[in-house]
Amino acid sequence: MYEALTWVDASCYSSKSEGVRHVQDRETKLAALDAALARGMTDIEAGRTKPASEVFDRLEAKYLDMAKKTEQ
């Protein structure tokens, strides 16, 4: 927390409360990212994955089909 307060003190915010709010927003976003990464790691460990080549092939077919439809 000390590091965050130092960061707020050294910044160009119009008030400390604005700086603190920014730090809190950033911490909230980082916590959400950490949770998403944890869910992803759990999926990997449980074998709930697909090979990248399979995913890319499916996406390529999907977008080629979409492109053909727009050409008509």
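- Here Lys68 pairs with nothing under the side-chain hydrogen bond (donor to acceptor under 3.5 Å, both in side chains) rule; sequence neighbours left out.
- Put simply, CG on Asp65 and OG1 on Thr70 are 10.0 Å apart, with the number rounded to the nearest 0.5 Å.
- Interatomic distance, Glu27 CD to His22 NE2, rounded to the nearest 0.5 Å: 10.5 Å.
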Considering only distance and modelled atom types, tabulate donor-acceptor pairs under 3.5 Å from the side chains of residues 44-60, sequence neighbours left out.
unit_1: Arg48; atom_1: NE; unit_2: Asp43; atom_2: OD1; d: 2.8
unit_1: Arg48; atom_1: NH2; unit_2: Asp43; atom_2: OD1; d: 2.7

